[in-house]
Amino acid sequence: MVEEIDYNEIGFKSGLEIHQQLDSGKLFCNCQSVLRQDEPDFIIKRKLHAVAGEGGEVDVAAKHEVEQDKEFVYQGYNSICLVETDEEPPHEINKDALKIAIQIGLLMNMKIIPITQIMRKTVIDGSNTSGFQRTVMIARDGYINTNEGRVEIKALFLEEDAARTISEETRVKTYRLDRLGIPLVEIVTEPDIKTPEQAKQVALHIGNILRSCKVRRGIGTIRQDVNVSIRGENRVEIKGMQDMNIFVKVVDNEIKRMV
């Protein structure tokens, strides 16, 4: 750990972003959430075509990706359907996944949104065949209690997971479609966390809530990121913080680098 550090003096602030897969069928079709290890039954090859958005302009990042002239290869199985290949419109949202998400929100003292709508997040790395990720805001304004005070839970989203990356070359990126569409919740806390130890406590607390609900277990089913900042400066995101044994040490090392 960083020795003799005064987290309050350096203005330490932190928040968590947690993505957890749910144990149900896929979010917008009737396919099962099964990951395959055998050889794919077919492949599809596509390229990114950037188009103007609602504002009438092409997104700068999308335009840049088009200029790279990358080819995206998608491996598919007979266990997926036309929704994953973007050859059929999405079905009605999975009711089991919706119920699980609402349960998680209630366990974090959140306000369930009575009327909401499915939104689209633009995706330019090829990890979604449609070019965007479907997501819906389920709840907001919750909280959990810790030994160092209350931490507000800003929002809870229900969204579809991306396709799995299999390989990446200079101009060719290969994905597997079995993971695409698996429902997951995204939990976003406010930057109320004042110490690395409290950040760990929040992660464990939310983890216990998730495991009390119907979620998938195992490597890759949960992805946790930690945002940290000091002195009101730009925040730094530490990706993939799943190992609780090194959680505090990793955050402390980042603080030491920033100081």
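Position 1 is the first residue of the sequence, and the numbers go up from there.
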Checklist line | Phe247 vs Met241 side-chain heavy atoms within contact, under 4.5 Å | finding: yes

Next item on the list: Using a 4.5 Å cut-off on heavy atoms from C-beta on, say whether the side chain of Leu180 contacts that of Asn128.
Entry: yes

Margin query: With clusters defined by side-chain heavy atoms of hydrophobic residues (ILVMFWY) lying less than 4.5 Å apart, directly or transitively, does Ile44 cluster with Val172?
Written below: no

Notebook entry, point to check: Are Leu177 and Leu184 joined in one hydrophobic group, where the rule is that I, L, V, M, F, W and Y side chains link up if heavy atoms are under 4.5 Å apart?
Noted result: no

Next item on the list: Find out whether the Lys NZ or Arg CZ of Arg120 is both under 6.0 angstrom from the six-membered ring centre of Phe132 and within 45° of the ring's axis.
Entry: yes

Checklist line | Arg150 and Asp192: CA distance, side-chain angles, deciding distance, salt bridge (Lys or Arg N to Asp or Glu O under 4.0 Å) verdict | finding: CA-CA 8 Å; Arg150 175 180 292 191; Asp192 295 336; over 6 Å; no

Item checked: Residue pair Glu186 / Leu156, side-chain heavy-atom distance below 4.5 Å -> no

Item checked: Under 3.5 Å: donor-acceptor pair, side chain of Ser14, backbone of Asn227 -> yes

Notebook entry, point to check: Ile18 and Leu210: which non-hydrogen atoms are nearest, and at how many Å?
Noted result: CG2-CD1, 4.2 Å

Next item on the list: Consider only side-chain heavy atoms of I, L, V, M, F, W and Y, link residues closer than 4.5 Å, and tell whether Val83 and Val123 are in one cluster.
Entry: no

Next item on the list: Would you check if the side chain of Thr116 reaches a backbone N or O of Met137 as a donor-acceptor pair within less than 3.5 Å?
Entry: yes

Notebook entry, point to check: Distance only, no hydrogens: is a donor on one side chain within 3.5 Å (strictly under) of an acceptor on the other, for Ser33 and Gln21?
Noted result: no

Margin query: Distance alone, cut at 3.5 Å: any donor-acceptor contact between the side chains of Tyr7 and Asp252?
Written below: yes

Check: What's the spacing between Met244 CE and Gln201 CD if we round to 0.5 Å?
Finding: 12.0 Å

Next item on the list: Kindly compute the distance separating NZ (Lys63) from CD1 (Ile124), expressed to the nearest 0.5 Å.
Entry: 13.5 Å

Next item on the list: Given side-chain contact (heavy atoms from CB on, under 4.5 Å), test Asn208 with Arg211 step by step and report yes or no.
Entry: CA-CA 5 Å; Asn208 286 335; Arg211 285 189 291 274; 2.9 Å; yes

Margin query: Same cluster or not: Ile118 versus Leu98, using hydrophobic residues (I, L, V, M, F, W, Y) connected whenever any side-chain heavy atoms lie under 4.5 Å apart?
Written below: yes

Item checked: Check against side-chain contact (heavy atoms from CB on, under 4.5 Å), Val228 and Phe12 -> CA-CA 7 Å; Val228 298; Phe12 175 82; 4.0 Å; yes

Next item on the list: Check whether Ile238 and Ile193 end up in the same hydrophobic cluster, where Ile, Leu, Val, Met, Phe, Trp and Tyr are linked by side-chain heavy atoms less than 4.5 Å apart.
Entry: yes

Next item on the list: Applying salt bridge (charged side-chain N to carboxylate O under 4.0 Å, His left out), name anything that partners Glu233, two or more places apart in sequence or on another chain.
Entry: Arg231

Next item on the list: Applying salt bridge (Lys or Arg N to Asp or Glu O under 4.0 Å), run through Arg164 and Asp178 and close with a yes or a no.
Entry: CA-CA 8 Å; Arg164 284 196 290 161; Asp178 52 358; 2.6 Å; yes

Check: Between the side chain of Glu71 and the main-chain N/O of Lys173, is any donor-acceptor distance below 3.5 Å?
Finding: no

Checklist line | Nearest atoms (heavy-atom pairs only) where Val58 meets Val51 | finding: CG2-C, 4.0 Å

Next item on the list: Look up atom NZ in Lys13 and atom CZ in Arg235, then write down how far apart they are to the nearest 0.5 Å.
Entry: 10.5 Å

Check: So, do Arg179 and Leu35 sit near enough that their side-chain heavy atoms are less than 4.5 Å apart?
Finding: yes

Check: Can you find a heavy atom in the side chain of Tyr77 that is under 4.5 Å from one in the side chain of Asp38?
Finding: yes

Check: What do the steps show when you test Phe157 against Met119 for side-chain contact (heavy atoms from CB on, under 4.5 Å), and what is the final call?
Finding: CA-CA 10 Å; Phe157 297 90; Met119 303 171 285; 4.3 Å; yes

Notebook entry, point to check: Are the charged groups of Asp69 and Arg171 less than 4.0 angstrom apart, N to O?
Noted result: no

Note to self: Nearest 0.5 angstrom please: Met108 CE to Gln103 CD, how far?
What the structure shows: 11.0 Å

Margin query: I'd like to know if the side chain of Asn94 and the backbone of Lys26 have a donor-acceptor N/O pair within less than 3.5 Å.
Written below: yes

Item checked: side-chain hydrogen bond (donor to acceptor under 3.5 Å, both in side chains) partner of Thr146, chosen from Gln198, Lys200, His205, Glu197 -> Gln198

Notebook entry, point to check: Which pair of heavy atoms, one from Ile102 and one from Ile112, lies closest together, and at what distance?
Noted result: O-CD1, 4.0 Å

Item checked: Glu160 side chain vs Leu27 backbone, donor-acceptor pair below 3.5 Å -> no

Notebook entry, point to check: Stepwise, does the side-chain hydrogen bond (donor to acceptor under 3.5 Å, both in side chains) test hold for Thr129 with Glu84?
Noted result: CA-CA 7 Å; Thr129 51; Glu84 287 101 325; over 6 Å; no

Check: At what distance, to the nearest 0.5 angstrom, does CG of Asp125 lie from NZ of Lys70?
Finding: 8.5 Å

Item checked: Gap between atom CD of Glu92 and atom CG of Asn30 - 0.5 Å precision -> 10.0 Å

Next item on the list: Side-chain contact test, heavy atoms from C-beta onward, threshold under 4.5 Å: evaluate it for Met258 versus Val236 and give yes or no.
Entry: yes

Notebook entry, point to check: With a distance cut-off below 6.0 Å to the six-membered ring centre and an angular limit of 45° from the axis, does Arg176 pair with Tyr74 as a cation-pi contact?
Noted result: no

Next item on the list: Return yes when atom CD of Glu57 has more than 12 non-hydrogen atoms of other residues, nucleotides or ligands closer than 6.0 Å, and no otherwise.
Entry: no

Next item on the list: Using salt bridge (charged side-chain N to carboxylate O under 4.0 Å, His left out) as the criterion, list what pairs up with Glu159, not counting sequence neighbours.
Entry: Lys121

Next item on the list: Check for a donor-acceptor pair, side chain of Asn109 on one end and backbone N or O of Ile144 on the other, with a separation under 3.5 Å.
Entry: no

Next item on the list: Please answer whether the main-chain N or O of Arg216 pairs with a side-chain N or O of Gln20 as donor and acceptor at a distance below 3.5 Å.
Entry: yes

Margin query: With heavy-atom distances below 4.5 Å as the criterion, would you say the side chains of Thr122 and Asp59 are in contact?
Written below: no

Margin query: Check this for me: Lys194, atom NZ, are more than 12 non-hydrogen atoms of other residues, nucleotides or ligands nearer than 6.0 Å?
Written below: yes

Next item on the list: Could you pull out the closest heavy-atom pair between Tyr175 and Ile166, with the gap in Å?
Entry: C-CG1, 4.0 Å

Next item on the list: Return the minimal non-hydrogen interatomic distance between Phe42 and Ile80, and the atom names on each side.
Entry: CZ-CD1, 3.9 Å

Item checked: Working for side-chain contact (heavy atoms from CB on, under 4.5 Å), residues Leu22 and Ile104 -> CA-CA 11 Å; Leu22 306 184; Ile104 292 170; 4.1 Å; yes

Checklist line | Lys239 vs Gln224 side-chain heavy atoms within contact, under 4.5 Å | finding: no

Margin query: If I compare all heavy atoms of Ser212 with all of Leu107, which pair ends up nearest, and what's the gap?
Written below: OG-CD1, 3.7 Å

Check: Given the rule in the salt bridge (Lys or Arg N to Asp or Glu O under 4.0 Å) test, do Glu39 and Arg36 qualify, once you have shown the distances and angles that lead to the verdict?
Finding: CA-CA 8 Å; Glu39 289 297 313; Arg36 304 277 293 269; over 6 Å; no

